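Everything quoted here is computed from the prediction, not taken from an experiment. This chain uses plain numbering: 1 for the first residue, then up along the sequence.
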Amino acid sequence: QEGLLTAEAGGVAGAAPPVFACGVVGMIEFDFRVYGEPAPKGSMKAFMRKGAIRPIVTHDNKRTKPWQIEVQWAAREHCRERIDGPVAVSLVFFVRRPKMSAKKATATPRSTKKPDIDKLARLVLDALKGYAYADDAQVAQLTVQKFYETDDERPGVHVRVCALRH
């Protein structure tokens with residue numbers, strides 16, 4: 001099966017597209033994009049309001065919750081049923097290029113700046129829970145890549161989830 005980026009992104013220059021073969025006839029597969037600025041799932045912070053009995057727990061990044069809701073909406077729309085058993089997930093993130101490197105036409109297509117790739121993935125995996133699979137502990141194979149946006153790819157994430165054979 002062709003690489004994930006070949007048709008969709010026109011092949012990002014200098015980047016090897018991930019080979020992610022789901023292609024087993026009859027296996028469940030979801031493949032969709034979510035557009036917007038990817039936000040990391042950072043740490044939680046807790047604080048006490050005066051007179052409160054319990055602490056209020058919230059994300060330390062105000063962009064986290066809106067991005068998670070966007071991913072959940074897309075998952076709800078594209079994931080026809082929950083996968084039981086092990087799954088493979090491929091996430092290809094496209095983030096904004098920093099202003100300094102926007103002027104460099106030959107700059108690397110792979111993002112080496114924040115947000116951290118593991119925190120980006122953690123948010124998406126958590127957002128898919130309940131839609132693509134029951135629990136993110138079912139993820140037995142994970143491929144994650146992070147690129148700068150291009151003329152062909154605006155910021156967001158390309159998500160592919162496949163059932164694996166038991």
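- The two residues Val34 and Ala74 make their nearest non-hydrogen contact at CG2-CB, 3.5 Å.
- The two residues Pro40 and Thr64 make their nearest non-hydrogen contact at O-OG1, 3.0 Å.
- What you find for Leu164 and Gln141 is that their closest heavy atoms are CD2-OE1, 4.0 Å.
- With a 4.5 Å cut-off between side-chain heavy atoms of Ile, Leu, Val, Met, Phe, Trp and Tyr, the cluster of Trp73 takes in Ile69.
- With 3.5 Å as the limit, one finds no donor-acceptor pair spanning the side chains of His78 and Asp31.
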Side chain to side chain contact (heavy atoms under 4.5 Å, CB included) assessment of Val159 paired with Val124
CA-CA 9 Å; Val159 179; Val124 174; 4.2 Å; yes
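- Partner Arg33 forms a salt bridge (Lys or Arg N to Asp or Glu O under 4.0 Å) with one of Glu77, Glu153, Glu70 and no other, that one being Glu153.
- Taking all atoms of both residues into account, the shortest heavy-atom contact from Ile83 to Cys162 is CD1-C, 4.1 Å.
- Under the side chain to side chain contact (heavy atoms under 4.5 Å, CB included) criterion, Gln138 pairs with Val87, Tyr133, Ala134, Asp135, not counting sequence neighbours.
- Arg82 is linked by a side-chain hydrogen bond (donor to acceptor under 3.5 Å, both in side chains) to nothing, counting only residues two or more places apart in sequence or in another chain.
- Applying the side-chain hydrogen bond (donor to acceptor under 3.5 Å, both in side chains) criterion to Arg154, with sequence neighbours excluded, gives no partner residue.
- The two residues Pro38 and Phe93 come nearest to each other via the heavy atoms CB-CD2, 3.9 Å.
- Side-chain atoms of Val95 and Tyr148, non-hydrogen and from C-beta on, do get closer than 4.5 Å to each other.
- Residues passing the side-chain hydrogen bond (donor to acceptor under 3.5 Å, both in side chains) test with Asp126, sequence neighbours excluded: Lys41.
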Verdict with reasoning, Trp67 to Val157, per side chain to side chain contact (heavy atoms under 4.5 Å, CB included): CA-CA 11 Å; Trp67 175 243; Val157 63; 3.8 Å; yes
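- Every salt bridge (charged side-chain N to carboxylate O under 4.0 Å, His left out) that Glu149 has, sequence neighbours left out, goes to Arg96.
- Within the 4.5 Å cutoff, side-chain heavy atoms of Cys79 are placed close to those of Phe32.
- Atom CZ of Phe30 and atom CD of Glu81 lie 6.0 Å apart (nearest 0.5 Å).
- Distance alone, capped at 3.5 Å, places no donor-acceptor pair between the Lys119 side chain and the Lys114 backbone.
- No side-chain heavy atom of Leu120 sits under 4.5 Å from any side-chain heavy atom of Leu91.
- Annotation: the span from Arg76 atom CZ to Leu128 atom CG amounts to 12.5 Å, rounded to 0.5 Å.
- Gln72 places a side-chain heavy atom less than 4.5 Å from the side chain of Tyr131.
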